[in-house]
Amino acid sequence: MKNRPVKVILWALFLGVLVFYPSLFGLYFTNIFVIFSIYALYATTFNYLLGYTGLLSFGHAMFFGIGGYGTAIALERIQGLPLLPAIIIGALAAVMLALILCPLLVRVSGTAFAMLTLAFGQLMHVLALKLRWLTGGEDGVGGFPIPPFHIPGVISLDITDPKKFYYFAMVVLALSMWVIWFFTKTPFGSIQTGIRDNPRRVEYLGFKLPHTKAVVFIISGGFAGVAGSIYALFQNLISADDAFGIGNSFAPIIMTVVGGIESFFGPIFGSAILSFIDELTSRYTERVEIVTGLILILVIMFAPKGFSGFLRFMRGKWLSPPNANPALEETK
Amino acid sequence: MNLLEIRGLYHDFSGLQVLFDVNLEVKEGERHAIIGPNGAGKTTLFNVITGSYRPPRGQIIFKGNDITGCKPHQLARLGIGRSFQITSSFSKLTAFQNIRMGILSKKGIRFNLVRNVDKMKEVTAETDEMLRRINLETEREIPAELLSYGKHRSLEVAMALSTEPELVMLDEPTAGMSKEETHYAIELIRRLTEGRTMLIIEHDMDVVFSLADRITVLHLGRVLATGSPQEIRENQQVKDAYLGETED
Amino acid sequence: MESDTVLYISQAMHGLAYGMVLFLVSAGLTLIFGMMGILNIAHASFFMLGAYFCYQVLSMTGNFWVSLIVAPVIVGLLGVLCERYLLRKLHAYGHVGELLLTVGIGMVILGSVKIFWGTESLPVTVPQILKGLVKLGGLEYPIYRLFIIALALVILAIMGLILYKTRLGMIVRGAVSDAEMVNALGINVPAVFMFVFGFGTWLAGVGGVAVAPILTVYPGLSDQVGMDAFVVVVTAGFGSLKGAFIVSIIFGLLSSFGVQFVPKLAPVLMFGFMAIVLALKPAGIFGETE
């Protein structure tokens, strides 16, 4: 890799900005950044399905939601539960849900997969509204105790302080994203992209399609659960409409499309762009959905590769000789 | 010894009979060609053998085991590799990544989530070796969909071989090629399948007669004749039913 | 007459009426899917637009019958425009791209509705003749529900006539079962697609007008009924009109009797039914397995 030093400098710069961000921009923008990061992870798990495996989920909010509820209910019901186990409970709840749905969902693909995930997403929404004894109905679960992030002898961080929460959330979210990124680089990740391009051929090469899809689905769901769990901790509240609403299933779709399906960082760009647009438009109007809807339509019609496609195009134009191979970006 | 044996195989598509009582023996180490006019059921026969469809009647025996009704991935693991008439690669992945998929399968690497695949030296070396053998080294990093037609077809065949199957099944590997490209492709296939058992569907008679050890003629879903190229050439039935038609 | 029987019958009427509305909406959805392979996420939004246009036309003309005719036609025309200028021009990502595009269209419709009509519930009153109850064989029926059922049956009859008695219908049926055939016959596919999309959204519009007087007109309408319609299509099997009809009625009855007997579980019943069906037959009751 010839431009390794450039890369290292860029990453160091990025890390530096991350560390000093709260001091530089203040509380308001720190909180916006936390929400952006939560959605960046959430959208990344979505794109792990769509961009890397070709599976379009229309009910991804069910994993986000169950992760949030899992953590919230655990903290509410179990006295003195430490923080990390609470997050793990959220993630495991999402993994369980994925496991239950697997036998049904791995048999289908394309539109049928989208429909089924949509329907099950709605089912989860209805359940969250109706199982009042567990979920608190429309009010959701809120005001649960938030334990400090505590590892004996190493660290103890009171994350009810927004600034400390920021650092805690950044570590968990960045770590999760890194793990997913690493997964895409493994042999399994390469089989996954094979499924996206040509599921039939994958079978004829000796891979068991349903099992492979199931593992992808579980990983994606589990990490979406982590995103939901951090979200619940951040708000100290998780409610049915917020977590399981159809809008929350559409959010990662829009972010991924706007940011670029064919790139790992696309959903992260998308999350940033939409947070930005949200922040801007919500100052002038309450009708944010019309703006995001229009953006979605425009991107799909005129720039299907999204923002990262645009970046690649610019880089190809100015920085290096014409790059004949866009797919290379995936592997390098 | 027979590597593959098909006994009394029938198949139909919602009532439309496509294969009637097909019997076929593929000996270990031989190059066996299946020929026949369009609609003879050649590709259907391939699809039934490789597990796309479950036949209503008949038996498929591979290495002495009944494999009738096995799923495609099971058959691939048992040692049957196939190519497709219509190129069926991973279009967005590079030539290298396409081949690597087969290498991973051969090595039984299916759920590895802990290693960077680019750093698996053996896998990379074997993949590069295969690319070298099909003269695609310079196209290593080019997505399959951007390869020239001939190279794409080579890749298709190489993918079938990448799992090192005992039985290689090639479905019209030279379909759509010019005379020169066909010639080149056949040499390539001859070289790559050295010492392997091969079942091939082929349209070009020159190719068939120069390449195959034995030939089976399929006509309207039935086996018309099986024999050496010499025998097939002289078979009156075959001449009437098939060879006569394509003489143009 | 025993009071139980009266109760059952009135619940059945409610269920049937709701089932018919579901059918109007899901028929359009399944027709568009079967013909074009597009899962129109915006379908529920078109349905909602029908209800809003009904309100608008009614407040302008004061005549429910006019809005019953006009509102769905406007919705259908909007559908045609979406097909002609958006969906048809889209080439990226195949069906997934189309799906995402309809998500965008749905969001824009929802946003626009909120801008034009606000977020409050709007009342729609029915003409005098459709109000109140009618006595039949000693039982009283709410006239408007009967009207909905009759309306849906009339539309079903018209659909049947078009599908089974005209050349266009033959093409549509052929295309639903085998898209290749249409190409083979050299039919003007774009025109047929545009017609089907327009017709499908028109049906959604009719459904919207029909429910406007019984449910209030508000921006959550699309989620409420739209989602039920999606579940109908999934359960019945993509592209099956017959299935959509049968499942719509089952779901209509399920929801009205569910509310009566197991009020807590009522909203989950439909999904439970769907889950069981899919577990047994992933392609839906009338769907063809790949």
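Below, chain A is the first sequence line, B the second, and so on; all start at residue 1.
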Minimum heavy-atom distance Lys89(C)-Met301(A), with the two atoms named: CB-CE, 3.6 Å
With a 4.5 angstrom heavy-atom cut-off, could you sort out which part of Ala119(A) is near chain C: side chain, backbone, both or neither? both
One option among Val103(C), Val233(C), Ile38(C) has the most heavy-atom pairs under 4.5 Å with chain A, and it is Val103(C)
Engaged part of Leu294(A) at the chain C interface, taking heavy atoms whose separation is under 4.5 Å: both
Could you look at Leu129(A) and say if it's the side chain, the backbone, both or neither that has a heavy atom under 4.5 Å from chain C? neither
Are the side chains of Leu86(C) and Ile300(A) in contact, using a 4.5 Å heavy-atom criterion? no
Between Leu50(A) and chain C, which part of the residue has a heavy atom less than 4.5 Å away: side chain, backbone, both or neither? side chain
Hey, is OH on Tyr284(A) packed in by over 12 heavy atoms from elsewhere, all under 6.0 Å? no
Measuring heavy-atom distances to chain C, does Ile297(A) have an atom under 4.5 Å in its side chain, in its backbone, in both, or in neither? both
Compare all side-chain heavy atoms of Met274(C) with those of Leu123(A) and state whether any distance is below 4.5 angstrom. no
On a heavy-atom basis, the closest approach of Ser112(C) and Ile290(A) is OG-CD1, 3.5 Å
If we only count heavy atoms from C-beta on, is the Phe271(C) to Leu127(A) side-chain gap below 4.5 Å? no
Which atoms of Leu116(A) come close to chain C, meaning under 4.5 Å heavy atom to heavy atom: side chain ones, backbone ones, both, or neither? side chain
Heaviest contributor of heavy-atom pairs below 4.5 Å to chain C, chosen from Leu105(A), Thr292(A), Leu118(A), is Leu118(A)
Under a 4.5 Å heavy-atom cut-off, does chain A meet the side chain of Val234(C), its backbone, both or neither? side chain
Does the side chain of Val126(A) reach to within under 4.5 Å of the side chain of Met270(C), using non-hydrogen atoms? no
Measure Thr119(C) against the heavy atoms of chain A and call it side chain, backbone, both or neither at under 4.5 Å. side chain
For a 4.5 angstrom cut-off between non-hydrogen side-chain atoms, does Glu289(A) reach Lys114(C)? yes
Find the distance between CD1 (Ile253(A)) and CD1 (Ile41(C)) and round it off to the nearest 0.5 Å. 8.0 Å
Do Val231(C) and Gln122(A) have side-chain heavy atoms sitting under 4.5 Å apart? no
Can you tell which part of Ile105(C) gets under 4.5 Å to a heavy atom of chain A, answering side chain, backbone, both or neither? both
Any non-hydrogen side-chain atom of Val96(C) less than 4.5 Å from a side-chain atom of Ile261(A)? no
Shortest non-hydrogen separation from Leu278(C) to Arg107(A) and the atoms involved: O-NH2, 4.4 Å
Cut-off 4.5 Å, heavy atoms of chain C, and the answer for Phe58(A) is side chain
